[in-house]
K.L.:
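Below is a structure I'd like to ask you about.
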Amino acid sequence: MNEIFDDPQHPYIISLMGAIPSVGKREGAFATIRGSVPSLEQMPKGCRFAPRCPFVEQRCIDAVPTDKRLDGTHRVAC
């Protein structure tokens, strides 16, 4: 589980990590994720995060990405 915090790979997790408040003085603004969460009735065809992803590629829009294993416990679809 620590891999998620130590080395986030998915753009959504990277965005979430950028929005975590810090104890000390913060440099700059909190990260935001543009757009809004789609309704369950209107999910996008490919990756559900594609319409809001800063790294989106055509393949993300066309089909749900398949998982790939980075190590023993860490998998990503991006």
K.L.:
Please walk me through it: do Val37 and Arg52 pass side chain to side chain contact (heavy atoms under 4.5 Å, CB included)?
P.N.:
CA-CA 8 Å; Val37 177; Arg52 304 168 62 205; 3.4 Å; yes

K.L.:
Residues two or more places apart in sequence or in another chain: which of them pass side-chain contact (heavy atoms from CB on, under 4.5 Å) with Gln58?
P.N.:
Ile61, Asp62

K.L.:
Give the cluster check for Leu16 versus Phe49: same hydrophobic cluster or not, with ILVMFWY residues linked at side-chain heavy-atom distances below 4.5 Å.
P.N.:
yes

K.L.:
Considering non-hydrogen atoms only, spot the tightest contact between Ile33 and Ser15 and give its length.
P.N.:
CG1-CB, 3.4 Å

K.L.:
Nearest 0.5 angstrom please: Asp7 CG to Ile13 CD1, how far?
P.N.:
12.0 Å

K.L.:
Once rounded to the nearest 0.5 Å, what's the spacing between atom CZ of Phe55 and atom SG of Cys47?
P.N.:
12.5 Å

K.L.:
Atom CE of Met17 and atom CG of Asp6: how far apart are they, to the nearest 0.5 Å?
P.N.:
8.0 Å

K.L.:
Please report the closest heavy-atom contact between Cys53 and Arg34, naming both atoms and the distance.
P.N.:
O-NH2, 3.5 Å

